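All remarks here apply to the structure that follows.
Here the structure is a predicted model, which means the values were calculated and not measured. Chain A is the first sequence line, chain B the second, and so forth, proteins listed ahead of strands; every chain is numbered from 1.
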Amino acid sequence: MTPEELSATIAVCIEEAIAAGEIALTNEDVVEVRVERPKVREHGDWATNVAMQLAKKAGMNPRAFAELVAARLLTVDGIEAADVAGPGFLNIRLSAGAAGELARSILHEGEDYGRGESFAGVHVNVEFVSANPTGPIHLGGTRWAAVGDSLSRLLEFHGAEVTREYYFNDHGVQVDRFAQSLLAAILGEDAPEDGYGGEYIQEIANRVLQDAMEAGEDDPLELPRAEAQEFFRARGVHLMFDQIKESLHDFGVDFDVYFHEDSLHKSGKVERALDQLKESGSLYESEGAWWLRSSEFGDEKDRVVIKSDGNAAYIAGDIAYIRDKRERGAQLCIFLLGADHHGYIARLKAGAAALGYNPDSVEVIIGQMVNLVKDGAPVRMSKRAGTVVTMEDLVDVVGVDAARYALTRSSADATLDVDLDLLASATNANPVFYVQYAHARSAGVARNAAEYGFSREDGFDASLLTHESEAALLGVLGEFPRIVAQAVDFREQHRVARYLERLASVFNQWYDRTRVTPQGDERITDLHRTRLWLNDATGQVLRNGLGLLGVSAPERM
RNA sequence: GCCCUCGUAGCUCAGCUGGACAGAGCACCGGACUUCUAAUCCGAUGGUCGCAGGUUCGAAUCCUGCCGGGGGCACCA
């Protein structure tokens, strides 16, 4: 019996009690029954506080309410005990057979175990990273790459059709500085004020020049300075972007759409969006500029959309961009932005509202910064000083799996401290290895069972799974779908990681206390075979969960 | 000044859509390998859940104020 089935069963019991006139409620009053794993094992396999939630409305003592439900539950097949405890908790113990069936249903569902339907058929646009091509992806961007991709995987697991999108701009002030820096580097000059430092600038500058010479082109350094700068901008940005894409790809993150900011302006999409806003009366003219009535949509003040010089302000592009995403079919637009962009939330939502969309169709996830820590002290990252840690640096030191896991196992709205020395030196203290090891272990057990010549298909008797550690393991296995659903609902991938650590832990405990394969000349029985089901089911869930984080599930370690 | 976010064990962090004695990993101390991977397991130590009020049968969780860390407040992009 899965927790979902148990939850439904309890709801039926309550409805029956209502029908029998024992509880003064209507079926509409019956909220979703949530069953949870009690923290204390002695309290049973599952517990619910539904009696305490409903008793007040029914004008009853919570314990009395729970007693009524318990009495009915006891008549249900597969429920061994139902006790009322404390102020009105209902503690439930399943029979071993009913609990053990879960192993079979998990393997039956396979890689679909844990899937949900909450986003079935919904087109979701997830935009993340979106760094301009002026340098390699740094630690912060790496975090969004890991988190954004994991959230996308979660949404897909719940039926969404996800577009992973990267928004970039290769013009503008920052890119000009990048181009100036390239030119300065190749000419042997100091990096310009507010320019970019670091070895990569020199490398890219050299590559641009080298590629041009090898292709037999005119020496760009012979050009007038402004033209030379443009030459280095165009070529340099291209090289930089290729490098970024390659880093992301090596990190396991590939985008469906690389959206060029310029295309909004060149295609007239900005103008069309602004025309729509003017027509709908969302814009007004004042002091020679056009303002969006964003304060009417929750922003703290109105924003200039068309500057008094006639040029579009930055926000105009954002508005046109939202409109474009919606017109491409996105029903929900999720933006992952760093904490330094939190001022965008109100503006983006106001933009969406002004366009006539539900502001809730724009969702901004603000992630906190990643701090680099060395010897216990924070290191200030600076592009100029060249103390930036890049995605490639991190992967070089700890590998893709450890990097992705470390960045996804924490909530995005908590600042994260990354100590490279610690990750590098104490890799076996990293939780990712604990989880991966558990998976490799389950794979090893399966291999051994095959060597002993027995397989799952030869027998299954769920009632044999009576060991205490088996009840614990089955309980955690059963939680997976709900954990996934919560992670999707709250857009919190870290819940999956924390769950996997718990699952690995109860699996290791089970492994330590019981055996799947026979010892000595012991005969192979259904107990061995049934435990193999449990072992394989655990491996399946670990694999499904790691997949949602974009972390590999090795067969051997 | 205003806004966002965080403040839980020595460290890194879970728990926060209210529930049963506050959790994990690391670090530290003590145990367990002739039998499926010891990258494991068992035990011990360790916390005024920033502070103060409030709501509630019940608050780490919700509300208010304060303190502290981080980030942000443009006709910049």
Side-chain angles (χ1 to χ4, degrees), chain A residues 34 36 38-40 43 47-49 52-53 55-56 61-62 85-89 91 132 169 171-176 261 286-291 300-301 303-315 317 338-346 366-369 371 373 376 378 406 409-419 422 426-438 440-449 451-452 486 489-490 494-495 497-499 501-502 504-505 507-520 522 528 531-532 535 556-557:
Chain A
R34 284 173 55 194
E36 299 181 331
K39 285 179 198 160
V40 186
H43 287 154
T48 178
N49 63 355
M52 288 181 283
Q53 290 178 330
K56 196 177 227 174
N61 176 314
F89 290 101
N91 293 331
N132 284 344
N169 181 13
H171 287 279
V173 177
Q174 291 171 48
V175 180
D176 286 345
E261 183 182 331
S286 173
E287 300 165 49
W290 284 86
W291 299 69
E300 55 190 28
K301 56 176 283 196
R303 305 285 171 182
V304 167
V305 177
I306 305 173
K307 295 186 277 189
S308 49
D309 64 7
N311 289 321
Y314 192 75
I315 184 178
D340 52 342
H341 287 76
H342 91 260
Y344 276 30
I345 303 175
I366 291 296
Q368 295 298 312
M369 303 294 182
N371 296 317
V373 176
R409 79 183 285 267
S410 287
S411 164
D413 52 28
T415 53
L416 191 62
D417 289 344
V418 170
D419 187 330
L422 193 78
T427 47
N428 51 355
N430 191 316
V432 71
F433 291 105
Y434 185 77
V435 177
Q436 288 185 315
Y437 180 70
R441 198 173 227 183
S442 74
V445 170
R447 283 193 298 270
N448 291 330
E451 265 180 45
Y452 276 97
Q486 284 179 343
D489 196 21
F490 297 137
H494 73 271
R495 289 168 184 268
R498 300 301 172 145
Y499 167 81
E501 290 167 30
R502 265 196 309 130
S505 174
F507 173 72
N508 280 327
Q509 287 165 22
W510 173 69
Y511 174 88
D512 194 62
R513 289 162 178 70
T514 66
R515 285 189 62 91
V516 174
T517 55
Q519 280 179 284
E522 198 185 342
H528 298 116
R531 282 184 174 155
L532 183 58
N535 175 76
R556 299 170 197 270
M557 286 178 79

Review point. At under 4.0 Å between heavy atoms, what does A:Y344 touch on the DNA or RNA strands: base, sugar-phosphate, or nothing?
Key: base

Exercise for review: May I ask you to verify if any side-chain N or O of A:H342 is less than 4.0 angstrom from the OP1 or OP2 atom of B:G70?
Suggested key: no

Review point. How many angstroms lie between NE2 in A:H528 and OG1 in A:T514, if you round to the nearest 0.5 Å?
Key: 10.0 Å

Exercise for review: Using a 4.0 Å heavy-atom cut-off across all strands, classify A:A346 as base, sugar-phosphate, or nothing.
Suggested key: nothing

Point to revise | Shortest side-chain distance from A:P38, nucleotide among B:A14, B:A20, B:A39 | key: B:A20

Point to revise | Nearest-0.5 Å distance, OG of residue A:S442 to CZ of residue A:R447 | key: 9.0 Å

**Study point:** Whole-Å P distance, B:G25 and B:G43
**Key:** 11 Å

Review point. In the structure shown, which nucleotide is the Watson-Crick or G-U wobble counterpart of B:C16, with both distances under 3.5 Å?
Key: none

Check your understanding: Any N or O donor-acceptor pair linking the side chain of A:S308 to the base of B:C75 at under 3.5 Å?
Key -> yes

Review point. In whole angstrom, what separates A:R513's CZ from B:A38's C1'?
Key: 14 Å

Study note, to complete from the structure: Whichever of A:E261 and A:A414 has the more 5' nearest nucleotide on RNA chain B, that residue is A:A414

Practice item. Go through B:C75, B:A74, B:C13 for me and flag the one nearest to the A:R303 side chain. Key: B:A74

**Study point:** C1' atoms of B:A9 and B:C66, separation to the nearest Å
**Key:** 26 Å

Exercise for review: Have a look at A:T415 and say if it touches a base, only the backbone sugar-phosphate, or nothing, with a 4.0 Å heavy-atom cut-off.
Suggested key: sugar-phosphate

Exercise for review: Nearest-nucleotide wise, let me know which of A:N169 and A:Q368 is further upstream toward the 5' end of RNA chain B.
Suggested key: A:Q368

Exercise for review: Give none if B:C2 has no partner; otherwise give the nucleotide forming a Watson-Crick or G-U wobble pair with it, both distances under 3.5 Å.
Suggested key: B:G72

Check your understanding: So does A:R441 get a side-chain nitrogen or oxygen closer than 4.0 Å to the phosphate oxygens (OP1/OP2) of B:A38?
Key -> yes

Review point. In terms of base orientation, is B:C73 syn or anti, with the syn window spanning 90° either side of 0?
Key: anti

Review point. For atom C1', what is the distance between B:C33 and B:A27, given to the nearest Å?
Key: 24 Å

Exercise for review: Can you tell me, in whole Å, how much space there is between the P of B:C51 and that of B:A22?
Suggested key: 16 Å

Check your understanding: Considering only side-chain heavy atoms of A:K307, which listed nucleotide, B:G15, B:C76, B:A20, is closest?
Key -> B:C76

Revision key, fill the gap. Against the side chain of A:Q509, the closest entry in B:A74, B:C42, B:C16 is B:C42

Review point. With sugar-phosphate meaning primed atoms plus P, OP1 and OP2, does A:T514 contact a base, only sugar-phosphate, or nothing at under 4.0 Å between heavy atoms?
Key: base

Check your understanding: According to the Watson-Crick and G-U wobble definitions, with both distances under 3.5 Å, which nucleotide is paired to B:C51?
Key -> B:G65

Practice item. Look up atom CD in A:E261 and atom CG in A:N132, then write down how far apart they are to the nearest 0.5 Å. Key: 7.5 Å

**Study point:** Interatomic distance where CD belongs to A:Q53 and C1' belongs to B:G58 [whole Å]
**Key:** 13 Å

Check your understanding: Is there a Watson-Crick or G-U wobble partner for B:U56 with both distances under 3.5 Å, and which nucleotide is it?
Key -> none

Revision key, fill the gap. Taken to the nearest whole Å, CG/A:N49 to C1'/B:U17 is 12 Å

Practice item. Indicate yes or no for a side-chain donor-acceptor contact from A:N508 to the backbone of A:A504 under 3.5 Å, with no hydrogens or angles considered. Key: yes

Check your understanding: If you check every side-chain atom of A:H494, which of B:C73, B:G15, B:G71 has the closest atom?
Key -> B:G15

Exercise for review: Looking at every strand, decide which applies to A:N91 at a 4.0 Å heavy-atom threshold: base, sugar-phosphate, or nothing.
Suggested key: base

Exercise for review: Working to the nearest 0.5 Å, report the span between CD of A:Q368 and CG of A:D413.
Suggested key: 7.0 Å

Review point. With no hydrogens and no angle check, do the side chains of A:S505 and A:E501 hold a donor and an acceptor under 3.5 Å apart?
Key: no

Review point. Does the pair A:R515 and A:E522 meet the rule for a salt bridge (charged side-chain N to carboxylate O under 4.0 Å, His left out), with working shown?
Key: CA-CA 12 Å; A:R515 285 189 62 91; A:E522 198 185 342; 5.8 Å; no

Review point. Base, sugar-phosphate alone, or nothing: which one does A:E287 contact when heavy atoms must sit under 4.0 Å apart?
Key: base

Point to revise | N or O in side chain of A:N508 less than 4.0 angstrom from B:C41 OP1/OP2 | key: yes

Point to revise | Of the listed nucleotides B:C75, B:C13, B:G71, the one nearest the side chain of A:D340 | key: B:G71

Check your understanding: What is the distance, rounded to the nearest whole Å, between atom CE of A:M369 and atom P of B:C4?
Key -> 17 Å

Check your understanding: P atom, B:U55 versus B:U48: distance in rounded Å?
Key -> 26 Å

Revision key, fill the gap. Here the distance between atom C1' of B:G7 and atom CG of A:L416, to the nearest Å, is 16 Å

Practice item. Mark this stacking check for A:Y434 against B:A39 as yes or no, applying ring centres under 5.5 Å and ring planes under 30°. Key: no

Practice item. Could you let me know what B:U35 is paired to, Watson-Crick or G-U wobble, both distances under 3.5 Å, or none if it's on its own? Key: none

Practice item. Calculate the interatomic distance between A:E501 atom CD and B:U40 atom P; express it in whole Å. Key: 12 Å

Practice item. Hunt down the Watson-Crick or G-U wobble partner of B:G25, both distances under 3.5 Å, from any strand shown, or write none. Key: B:C11

Review point. When we call it a touch if two heavy atoms are under 4.0 Å apart, what does A:A449 touch: a base, just sugar-phosphate, or nothing?
Key: nothing

Practice item. Establish, yes or no, whether the cationic atom of A:R441 lies under 6.0 Å from the six-membered ring centre of A:Y511 and within 45° of the ring axis. Key: yes

Exercise for review: Look at all strands and tell whether A:Q486 reaches a base, only sugar-phosphate, or nothing, counting heavy atoms closer than 4.0 Å.
Suggested key: base

Review point. Taking CZ from A:R502 and P from B:G15, how many angstroms apart are they, rounded to a whole number?
Key: 11 Å

Point to revise | Side chain of A:P87 - closest among B:G19, B:U35, B:G71 | key: B:G19

**Study point:** Atom C1', compared across B:A77 and B:G69: separation rounded to whole Å
**Key:** 29 Å

Review point. Say you draw a straight line from CG of A:D340 to CD1 of A:I366; how long is it, rounded to the nearest 0.5 Å?
Key: 8.0 Å

Point to revise | Short side-chain N/O contact to B:C3 OP1/OP2 from A:K301, under 4.0 Å | key: no

Point to revise | B:G30 pairs with, by Watson-Crick or G-U criteria that keep both distances under 3.5 Å | key: B:C42

Review point. Does OP1 or OP2 of B:A38 have a side-chain N or O of A:Y511 closer than 4.0 Å?
Key: yes

Practice item. Using whole Å, report how far CZ of A:R498 lies from P of B:U12. Key: 13 Å

Review point. Just checking A:I345: base, sugar-phosphate only, or nothing, at a heavy-atom cut-off of under 4.0 Å?
Key: nothing

Check your understanding: OP1 or OP2 of B:C16 less than 4.0 angstrom from a side-chain nitrogen or oxygen of A:R495, does that happen here?
Key -> yes

Review point. Does A:H43 lie flat on the base of B:A20, that is, centres under 5.5 Å apart and planes under 30° off?
Key: yes

